[in-house]
2 protein chains.
Amino acid sequence: MATEATPPPVRRVPLSRDRVLRTAMSVADAGGLDMLTMRTLGQELGVGPMALYRHIANKDDLVDAIIDLVFAEIGLPPTDADWMTAMRERAISVRDALLRHRWAVPLMESRRHPGPANLQHHDAVIGCLLGAGFDMAMAAHAYSVLDAYIYGFALTKMTLPFETGEEVAEVAQTMLQPFPLNAYPNLAAFITEHAMKPGYDYGDEFAFGLDLILDGLEERARQPA
Amino acid sequence: MATEATPPPVRRVPLSRDRVLRTAMSVADAGGLDMLTMRTLGQELGVGPMALYRHIANKDDLVDAIIDLVFAEIGLPPTDADWMTAMRERAISVRDALLRHRWAVPLMESRRHPGPANLQHHDAVIGCLLGAGFDMAMAAHAYSVLDAYIYGFALTKMTLPFETGEEVAEVAQTMLQPFPLNAYPNLAAFITEHAMKPGYDYGDEFAFGLDLILDGLEERARQPA
DNA sequence: ACCTGAACACCGTTCAAGT
DNA sequence: ACCTGAACACCGTTCAAGT
């Protein structure tokens with residue numbers, strides 16, 4: 001074997017907090033939060049699990065940090081549009097980010113140490129509503145109902161054991177098999193007449209609820225308390 | 001010491017699936033899902049972790065079963081009321097059950113093997129909407145927006161790192177401390193002028209969004225598609 | 001029939017050690 | 001300065017063994 005002047009620099013890209021965080025995010029995207037362990041993350045980066053502790057304090061700090069990466073992907077509400085357009089665009093941007101990073105849904109509003117992207121996002125949404133003439137109580141109402149709907153929709157979409165009409169047919173079969181035929185007639189009708197239809201996608205329901213809520217907010221914002 | 005004719009029957013209440021499930025639920029209620037391990041559950045019941053496998057197939061089967069216990073606590077929509085009253089009462093009953101069993105929120109709609117209480121609940125809700133004259137597509141819209149809102153609200157309430165106005169003050173302090181003063185002016189105003197007020201409780205927001213959604217559904221149900 | 005003990009392949013994290 | 005190996009106190013689950 002020829003003697004090398006320098007050792008092969010194959011894996012010698014040095015670790016950095018940024019590289020740790022981006023790799024952690026992609027591991028969670030691919031396999032869910034359960035797959036994101038210090039051991040698998042180290043493996044993905046070509047180091048032992050303990051090497052990570054030079055760049056993050058502990059796993060909670062890691063989660064704090066990658067949640068802020070998700071917030072950073074969400075577009076702030078545009079300032080050159082009416083509040084309804086701005087809130088609709090923001091809602092769609094949040095939903096899209098949550099569907100790209102499903103593991104993040106239950107964690108987004110849970111942080112005791114929110115990052116700057118998180119805080120800036122909340123600040124911009126409140127600013128948009130106040131700027132449109134909402135008083136503080138009405139802004140709180142609006143933010144609450146919008147985010148509850150967006151997070152709940154993302155949670156349901158992410159946890160439902162089916163997505164398309166074909167998958168519904170498959171899953172419904174095994175779900176109803178242990179029970180007497182027609183024990184749940186309304187549910188059966190819902191499945192066969194609606195959810196099993198070829199074009200069915202639960203995700204399509206998002207727009208209906210979003211517009212309903214935006215319309216309701218406009219009505220209520222026009223009336224004084 | 002006196003010799004006993006029979007050994008002390010202190011811990012000899014025999015295990016049963018029902019006792020395992022109810023104890024599992026109370027362990028999760030007290031300490032969250034992370035606290036519910038085969039080892040802690042066994043300890044609570046006075047047996048080793050392996051004794052549980054005689055009554056449940058594995059941990060997923062255990063979770064399936066206790067989720068159905070949560071569904072069993074939810075009142076079905078009353079059949080002697082108009083749909084709006086029935087759906088409002090059902091929504092409040094779901095919310096109450098989820099706040100009693102916070103660990104259950106992300107799991108309610110995730111089961112590949114739903115139990116009878118789960119299926120009966122879905123059947124009754126769809127039946128209520130169809131009975132009120134909703135067509136199938138409109139019933140799907142209504143169910144989607146209502147449950148997304150209820151689950152999202154419960155998720156947010158359960159994960160928010162504060163509840164009362166006093167807790168907000170405490171948490172906001174540590175949240176904003178790392179950042180320049182007044183970096184987030186709208187958020188700061190929201191906190192000081194609204195969330196830190198003595199009577200504040202995020203949970204009070206539930207009714208506003210629920211009524212907004214029910215009103216919007218009534219409007220849309222009256223118009224033909 | 002019902003429960004146990006030891007074992008296996010995993011966790012997050014600490015601590016002393018290597019280069 | 002940066003990374004590692006061994007260890008500790010945990011997981012869910014299997015399997016052979018005890019009564």
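Computation of the quantities below employed the complete heavy-atom set of this structure, encompassing side-chain atoms and omitting hydrogens, waters and symmetry-equivalent molecules. Below, chains carry the letters A, B, ... as their sequence lines are ordered, and counting in each starts from 1.
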* To do: Rounded to the nearest angstrom, tell me the gap between atom NZ in A:K59 and atom P in C:dT13.
  => 8 Å
* Asked: Can a donor-acceptor pair be found between the side chains of A:R19 and A:H55 at a distance below 3.5 Å?
  -> no
* Asked: What's the CZ-C1' distance between B:R54 and D:dC15, to the nearest Å?
  -> 13 Å
* Could you state the atom-to-atom distance from CE of B:M38 to P of C:dC10 in whole Å? => 19 Å
* Asked: Between atom CD1 in A:I56 and atom C1' in C:dT14, what is the gap in whole Å?
  -> 15 Å
* **Residue from A:R88, A:M87, A:R95 passing side-chain contact (heavy atoms from CB on, under 4.5 Å) with A:L210** => A:R88
* Look at atom CG of A:D34 and say whether more than 12 heavy atoms of other residues, nucleotides or ligands are closer to it than 6.0 Å. => no
* **Rounded distance (Å) that lies between atom C1' of C:dA9 and atom CZ of A:R39** => 10 Å
* To do: Give a yes or no on whether B:R100 atom CZ has more than 12 heavy-atom contacts from other residues, nucleotides or ligands under 6.0 Å away.
  => yes
* Structure fact -> B:L52 CG to C:dG5 P, in whole Å, measures 14 Å
* Asked: Rounded to whole angstrom units, what separation is found between the CG atom of A:D60 and the P atom of C:dC11?
  -> 18 Å
* Protein-nucleotide distance (A:D34, atom CG; D:dG12, atom P), rounded to Å -> 12 Å
* Asked: Is there a donor-acceptor pair closer than 3.5 Å between any side-chain N or O of A:S93 and the backbone N or O of A:E89?
  -> no
* Structure fact -> Which of D:dT4, C:dC3, C:dA6 is nearest the side chain of B:M50? It is C:dA6
* Structure fact -> The correct list of stems in which DNA chain C takes part (3 or more consecutive Watson-Crick or G-U pairs, distances under 3.5 Å) is C:4-8 with D:12-16, C:12-16 with D:4-8
* To do: Would you please confirm or rule out a distance under 4.0 Å between OP1 or OP2 of C:dT14 and any side-chain N or O of A:Y53?
  => no
* **Ring centroid separation A:F153 to B:Y151 under 6.0 Å** => no
